[in-house]
Amino acid sequence: MRIVNADDIKAKVAQMCIDANRYLPQDVLKRLDECAAKETSPTAIEIFRQLRDNAALAADRGLPLCQDCGLAVFFVEIGEDVRIEGGGLKEAITEGMVRGYKDGYLRKSLCDPFTRKNTGTNAPAIIHIDLIPGDRLKIWVMAKGGGSENMSRVVLLAPAEGWAGIKKFVVNRVAEAGSNPCPPVIVGIGIGGNFETAPIMAKKALLRPLGEPHPDPAIAKLEAELLEAINQLGIGPMGLGGETTCLDVKIDVAPCHLASLPLAVNIQCHSARHKEVEL
Ligand code: SF4
């Protein structure tokens with residue numbers, strides 16, 4: 001049995017929230033550069049330059065990458081042989097997140113759905129916990145902006161629609177989203193599972209490094225096919241035209257009911273802010 005102190009979780013989570021909002025991950029920066037190099041439109045090239053400038057300014061001055069610092073979404077993998085001492089896991093994560101958003105001067109974006117009154121702390125955090133064998137504790141945080149989340153969808157297709165139906169739905173979704181999710185986007189896709197698990201798969205898939213295809217070559221081929229089809233839309237950076245509408249497509253797959261073909265599409269803007277820590 002491994003003991004992890006709740007105060008350590010709070011401190012790590014607070015710092016993760018601040019860092020995620022200030023520093024774009026290296027794989028995202030690399031992908032932005034790769035895509036910028038392929039652009040021929042002066043507008044698209046200029047937008048990529050501004051995205052890189054924005055990332056450098058945020059890192060140098062300790063400012064948030066975007067005014068929308070997002071809802072704090074956590075994915076946690078906790079081993080069966082881990083025990084949290086000094087408090088509960090969810091409480092520790094929430095307390096750390098509240099501290100991070102306060103200390104980092106990050107915008108709190110969570111409100112009551114009817115009155116629209118801000119909760120004032122960004123709490124409660126959205127936390128997905130997986131119990132795994134062993135004594136590892138790994139926590140990921142995503143700062144998920146409202147603009148891209150609003151463009152995401154879940155649908156239960158008829159099984160007969162197959163890959164053609166999935167591809168049509170995903171490409172149409174990105175086309176309809178247009179400039180709203182601040183492209184170039186990253187598209188996370190959950191195929192299978194059920195009504196509640198497909199969207200979680202789609203969102204967690206966004207944590208996989210850009211440029212790293214799915215380990216199953218058959219799924220990797222589908223990711224590449226979708227990426228090409230989406231980029232042929234020509235929406236381009238910030239919706240002003242160009243070769244790059246999408247930086248990458250990430251698919252996760254799970255078995256599903258024989259009567260269903262669940263499909264979730266989670267759209268992530270170019271400001272793909274996430275961070276992970278292992279305790
Ligand atoms: S979609 Fe992303 S880049 Fe655009 S405003 Fe929201 S968080 Fe910021």
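These figures come from a predicted structure and were not determined experimentally. We count ligands from 1, going down the list as the structure has it; atoms in each ligand are counted the same way. Excluded from the calculations below are hydrogen atoms, water molecules and symmetry mates; all remaining heavy atoms, backbone and side chain alike, are included.
Within ligand 1, counting atoms from 1 as listed, the ones closer than 4.0 Å to a heavy atom of His270 are 3 (S). If you number the atoms of ligand 1 from 1 as listed, the ones under 4.0 Å from a heavy atom of Gly145 come out as 7 (S). The contact set between ligand 1 and Ser148, taken as ligand atoms under 4.0 Å from a residue heavy atom, comprises 1 (S). Atoms of ligand 1 found under 4.0 Å from any heavy atom of Gln67, numbered from 1 in the order shown, are 5 (S).
Atom CD of Gln67 sits in a crowded spot, with more than 12 heavy atoms from other residues, nucleotides or ligands closer than 6.0 Å.
The protein atom (non-hydrogen) at minimum distance from atom 6 (Fe) of ligand 1 is Asp68 OD2, 3.9 Å. Among all protein heavy atoms, the one lying closest to atom 2 (Fe) of ligand 1 is Cys269 SG, 2.3 Å. With hydrogens left out, the protein atom closest to atom 8 (Fe) of ligand 1 is Cys66 SG, 2.3 Å, a heavy atom.
The pair Arg49-Glu39 fails the salt-bridge criterion, with no side-chain N (NZ, NE, NH1 or NH2) lying under 4.0 Å from an Asp/Glu carboxylate O. With respect to the salt-bridge test (charged N to carboxylate O, under 4.0 angstrom), the residues Glu176 and Arg153 do not qualify. Electrostatic pairing of Glu34 and Lys30 counts as a salt bridge here, judged by a charged N lying under 4.0 Å from a carboxylate O.
In this structure, Lys144 falls outside the shell of residues with a heavy atom less than 4.0 angstrom from ligand 1. Judged by the shortest distance from any of its heavy atoms, Arg273 lies inside the 4.0 Å radius around the atoms of ligand 1.
Using a cut-off of 2.8 Å, one finds that Cys182 contributes an N/O/S atom close to atom 4 (Fe) of ligand 1.
Of the possible polar contacts, none joining the Ser179 side chain to the Met238 backbone as a donor-acceptor pair under 3.5 Å is found. Under a 3.5 Å cut-off, the side chain of Arg31 and the backbone N or O of Leu247 do form a donor-acceptor pair.
The two residues Met97 and Pro124 have their closest heavy-atom pair at CE-C, 4.5 Å.
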